[in-house]
*Asks:* 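Here it is, the structure, as structure tokens.
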Amino acid sequence: MPRSADADAERGGSASGSVTRMLETKQRSILERLVGKPLPWLGWAWVVLAAIWLVLAFVDPSGFHTTMAITWTILAAVQLGSVHLARRQERRRIQGEDTGKDSAA
């Protein structure tokens, strides 16, 4: 039996939730849509892998070790940068909502 939007709204149901989800997808960047939300622990894991490759490149210098060290260092920097950017955007969004509520009151 299909439920109406009014019945969902009275119960706090999914009518407003789906609208919120639609708005959230519009606010996400293209990179975030493709890759997903950056996770801090994953960024730090990439830094650890980059550090391991850097150590290998110094201990046993070869073209492969050097290439992997450079590649993983760049990837780790990009990952940590995306985590930082996502946190900064989230902070700005929250501050914008707070100031919007204050000015409306």
Side-chain angles (χ1 to χ4, degrees):
M1 176 172 159
R3 298 186 313 201
S4 68
D6 293 334
D8 282 341
E10 287 175 4
R11 289 189 298 266
S14 63
S16 62
S18 63
V19 172
T20 304
R21 274 185 243 120
M22 288 182 355
L23 290 175
E24 288 175 359
T25 59
K26 291 180 183 176
Q27 294 174 352
R28 296 188 319 179
S29 68
I30 294 172
L31 182 64
E32 190 173 331
R33 288 181 190 179
L34 293 173
V35 180
K37 189 172 182 178
L39 302 171
W41 67 266
L42 185 60
W44 288 110
W46 286 33
V47 169
V48 169
L49 287 171
I52 291 170
W53 281 109
L54 282 169
V55 168
L56 284 174
F58 284 117
V59 171
D60 182 22
S62 69
F64 177 73
H65 288 160
T66 304
T67 302
M68 292 302 287
I70 292 169
T71 303
W72 278 102
T73 302
I74 292 170
L75 289 173
V78 168
Q79 184 72 16
L80 285 181
S82 67
V83 168
H84 174 70
L85 181 65
R87 282 186 177 181
R88 190 173 71 189
Q89 287 176 344
E90 183 68 19
R91 250 185 269 124
R92 285 184 180 173
R93 187 184 62 79
I94 290 171
Q95 288 176 352
E97 288 176 358
D98 291 344
T99 58
K101 290 178 185 176
D102 293 342
S103 63

*Asks:* Indicate if Trp41 and Leu80 have the same hydrophobic cluster label, given that clusters are the connected sets of ILVMFWY residues with side-chain heavy-atom separations under 4.5 angstrom.
*Replies:*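 No, no single cluster joins them.
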
*Asks:* I need the Gln89 CD to His84 NE2 distance, nearest 0.5 Å.
*Replies:*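 Reported to 0.5 Å precision, the distance equals 10.0 Å.
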
*Asks:* Return yes if some donor-acceptor pair links the side-chain N/O of Thr66 with the main-chain N/O of Gly63 below 3.5 Å, else return no.
*Replies:*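 The answer is no, because no donor-acceptor pair under 3.5 Å joins these two groups.
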
*Asks:* Relative to the ring of His65, is the ring of Trp53 parallel (under 30°), tilted (30 to 60°) or perpendicular (over 60°)?
*Replies:*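 Trp53 vs His65 ring planes: tilted.
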
*Asks:* I'd like to know if Leu56 and Ile70 are part of one continuous hydrophobic network [Ile/Leu/Val/Met/Phe/Trp/Tyr, side-chain heavy atoms within less than 4.5 Å].
*Replies:*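 Result: no, two separate clusters.
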
*Asks:* Other than Val55, what residues sit in its cluster of Ile, Leu, Val, Met, Phe, Trp and Tyr side chains whose heavy atoms are under 4.5 Å apart, directly or through others?
*Replies:*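 Members alongside Val55: Val59.
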
*Asks:* The criterion is ring-ring contact (aromatic ring centres under 6.0 Å, His included); which residues satisfy it with Phe58, sequence neighbours excluded?
*Replies:*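 With neighbours one apart ignored, the set is empty.
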
*Asks:* Using a strict threshold of under 4.0 Å (side-chain N to carboxylate O), is an ion pair present between Glu90 and Arg87?
*Replies:*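 Not counted as a salt bridge, because no side-chain N and carboxylate O are separated by less than 4.0 Å.
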
*Asks:* Same cluster or not: Ile74 versus Val47, using hydrophobic residues (I, L, V, M, F, W, Y) connected whenever any side-chain heavy atoms lie under 4.5 Å apart?
*Replies:*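 In one cluster: no.
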
*Asks:* Which value, rounded to the nearest 0.5 Å, describes the distance between Met68 atom CE and Thr73 atom OG1?
*Replies:*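 Going from the CE atom of Met68 to the OG1 atom of Thr73 covers 10.5 Å.
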
*Asks:* Taking the hydrophobic residues Ile, Leu, Val, Met, Phe, Trp and Tyr, and joining any pair whose side-chain heavy atoms are under 4.5 Å apart, which ones share a cluster with Leu85?
*Replies:*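 Joined to Leu85, directly or through intermediates: none.
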
*Asks:* Among all residues two or more places apart in sequence or in another chain, which pass the side chain to side chain contact (heavy atoms under 4.5 Å, CB included) test with Leu49?
*Replies:*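 With neighbours one apart ignored, the set is Trp72.
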
*Asks:* Going by the rule side chain to side chain contact (heavy atoms under 4.5 Å, CB included), which residues pair with Thr71 if we only count those two or more places apart in sequence or in a different chain?
*Replies:*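 Testing Thr71 for side chain to side chain contact (heavy atoms under 4.5 Å, CB included), a comparison that skips the adjacent residues, returns Thr67, Leu75.
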
